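Nothing here was measured: the structure is a model prediction, and the numbers come from that model.
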Amino acid sequence: MGVVSSKIEYEKQYQHVNPAAKYECLLFDVDDTLYSLSSGLSKACTKNIEEFMVQKLGIEESKVTEINRVLYRNYGTSMAGLKAIGYNFDYDEYHSFVHGRLPYHNLKPDPLLRSLLLSLPIRKVIFSNGDKVHVGKVLKKLGLEGCFETVISFETLNPTSESDDETSVKFRGRGSISTKSQSALPDTPIICKPFANAFEQAFKIANINPQKTIFFDDSIRNIQTGKQLGLHTVLVGTSHRTNGADYALESIHNIKEALPELWELAANKKSQGVIYSKKVAIQTSVMA
């Protein structure tokens, strides 16, 4: 399904849903969005991925940095790229190696963000490429447990139990990957941002109307896909608004000064009472 056709489909599906409400949902990425890039988790994650490639997959150490860069650029996540070029490994083992050794101690409770989130009687949903254990640890360290209605994680978008899934991997064998050309790259069996199918699944799982949802993410690619599919978009981590971003925030803490209308809407909702749809599906519980 193409981006244009997807947007038309969602417009038809939601055009008669609660027209009085401008925003019905806030959709949040986790890493480098709910906390700062300066925490060092992103840098440590990259290091762990490259070590996994060397130690578990036998990739030559001198090549892993460039291969990882190309895979991430083309597939959204390194894991998706590694699966695409034929490497078979257990998802849980990968997540344990890559996320299990992150310096979570660098994350501290964020009472300001918690207060901001809880002051808004609007649905709040997590949408992350990370696994549920990782997301749970981050939310616990930040003191944000209980702030989100639903968590959409790696397992939510990729629910099939994985044991060298022969049918889904379209390119078998450990094929070489060119760092110059993208034309010969195989498909990946993994569903993840920044690709439209990941957003489409998230919308269906959490009963999200993209036209009435604000999406917060630090990735320009994720923001641009979200915008094409009808989301209102906020690029986090920079004050420079780029193509596809409706707003740009240096920090997630700037949300109130950038979007004061959310609190105005919140005041109106409190006075009128808020009734959420009974169709909302809680697919993935947060695990610490």
Side-chain angles (χ1 to χ4, degrees), residues 26-53 64-65 68-69 71-73 76-80 92 94-120 124-148 151-155 192-194 214-223 226 233-242 245 247-259 284 286-288:
L26 304 179
L27 188 62
F28 292 89
D29 176 45
V30 173
D31 295 308
D32 301 329
T33 298
L34 295 182
Y35 62 84
S36 172
L37 177 65
S38 63
S39 68
L41 264 68
S42 180
K43 184 177 180 180
C45 188
T46 298
K47 179 177 180 291
N48 291 345
I49 290 171
E50 293 181 359
E51 288 183 1
F52 182 89
M53 292 167 68
V64 293
T65 298
N68 186 38
R69 184 186 66 80
L71 293 179
Y72 180 80
R73 183 185 67 202
T77 69
S78 303
M79 175 196 266
D92 291 338
Y94 178 92
H95 287 137
S96 178
F97 191 102
V98 171
H99 290 151
R101 304 183 303 158
L102 292 177
Y104 290 108
H105 59 270
N106 289 351
L107 299 178
K108 306 301 179 185
D110 192 338
L112 173 57
L113 179 55
R114 181 178 179 83
S115 176
L116 287 170
L117 293 173
L118 292 180
S119 67
L120 290 171
K124 290 171 281 288
V125 176
I126 290 290
F127 180 26
S128 172
N129 283 336
D131 62 284
K132 60 186 178 182
V133 172
H134 168 68
V135 172
K137 285 182 177 179
V138 170
L139 295 183
K140 184 175 182 178
K141 286 292 186 180
L142 294 175
L144 301 181
E145 294 173 300
C147 291
F148 301 94
V151 172
I152 298 172
S153 66
F154 173 85
E155 291 88 346
C192 61
K193 296 182 290 184
I214 305 179
F215 175 49
F216 299 81
D217 202 299
D218 66 293
S219 165
I220 294 175
R221 292 186 301 172
N222 296 347
I223 286 293
T233 55
V234 180
L235 182 62
V236 180
T238 177
S239 58
H240 177 67
R241 189 166 67 87
T242 188
Y247 303 90
L249 307 181
E250 188 71 37
S251 165
I252 194 67
H253 296 113
N254 302 130
I255 182 174
K256 192 168 186 177
E257 57 195 73
L259 292 160
T284 307
V286 179
M287 296 176 60

- Message: For D131, give me all partners under salt bridge (Lys or Arg N to Asp or Glu O under 4.0 Å), at least two apart in sequence or on another chain.
- Response: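 With neighbours one apart ignored, the set is empty.
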
- Answer with yes or no whether the side chains of D217 and T33 bring together a donor and an acceptor at under 3.5 Å. no

- Message: Under a 3.5 Å threshold, yes or no: a donor from one side chain and an acceptor from the other, between S78 and N68?
- Response: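 Yes, a side-chain donor-acceptor pair sits under 3.5 Å.
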
- Query: So, R221 side chain and R73 main chain: donor-acceptor pair closer than 3.5 Å or not?
  - Reply: yes

- Query: Do the side chain of S119 and the main chain of S115 share a donor and acceptor less than 3.5 angstrom apart?
  - Reply: yes

Compare all side-chain heavy atoms of [X] with those of [Y] and state whether any distance is below 4.5 angstrom.
X: R241; Y: L235; answer: no
X: C45; Y: L102; answer: yes
X: T242; Y: I223; answer: no

Exercise: identify the closest heavy-atom pair between [X] and [Y]:
X: L107; Y: K141; answer: CB-CB, 3.8 Å
X: R114; Y: C147; answer: NH1-SG, 3.6 Å
X: H105; Y: K108; answer: O-NZ, 2.9 Å
X: P194; Y: G76; answer: CD-CA, 3.5 Å
X: N106; Y: S39; answer: ND2-O, 2.8 Å
X: P111; Y: P109; answer: CD-O, 3.2 Å

Give, for atom [atom1] of [X] and atom [atom2] of [Y], the distance between the pair rounded to the nearest 0.5 Å.
X: S153; Y: I126; atom1: OG; atom2: CD1; answer: 10.5 Å
X: T65; Y: I49; atom1: OG1; atom2: CD1; answer: 11.0 Å
X: I255; Y: I214; atom1: CD1; atom2: CD1; answer: 7.0 Å
X: L117; Y: L26; atom1: CG; atom2: CG; answer: 8.0 Å
X: F127; Y: F148; atom1: CZ; atom2: CZ; answer: 14.5 Å
X: I252; Y: D32; atom1: CD1; atom2: CG; answer: 12.0 Å

- In this structure, are over 12 heavy atoms from other groups packed under 6.0 Å from I220 atom CD1?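 No, CD1 of I220 has 12 or fewer neighbouring heavy atoms, counting only those of other groups under 6.0 Å.
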
- Can you name the residues that form a side-chain contact (heavy atoms from CB on, under 4.5 Å) with E51, not counting sequence neighbours?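 For E51 the side-chain contact (heavy atoms from CB on, under 4.5 Å) partners, ignoring immediate neighbours, are K47, N48, Q55, F97, R101.
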
- Could you tell me which residues satisfy side-chain contact (heavy atoms from CB on, under 4.5 Å) with A80, sequence neighbours excluded, listed by chain and number? Y75, T77, T188, I190, C192

- Item | Derivation of the side-chain contact (heavy atoms from CB on, under 4.5 Å) call for D110 and H253 | CA-CA 10 Å; D110 192 338; H253 296 113; 2.6 Å; yes

- Check the pair D29 / V236 against side-chain contact (heavy atoms from CB on, under 4.5 Å), numbers first and verdict last. CA-CA 10 Å; D29 176 45; V236 180; over 6 Å; no

- Take K256 and L116, measure what side-chain contact (heavy atoms from CB on, under 4.5 Å) needs, and give me the verdict at the end. CA-CA 8 Å; K256 192 168 186 177; L116 287 170; 4.1 Å; yes

- Query: Is the Lys NZ or Arg CZ of K124 less than 6.0 Å from the centre of F28's six-membered ring, within 45° of the axis?
  - Reply: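 No cation-pi geometry.
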
- Task: Would you please test L34 and L139 for side-chain contact (heavy atoms from CB on, under 4.5 Å) and show each step?
- Result: CA-CA 9 Å; L34 295 182; L139 295 183; 3.9 Å; yes

- Query: So, H134 versus Y104, ring centres under 6.0 angstrom or not?
  - Reply: yes

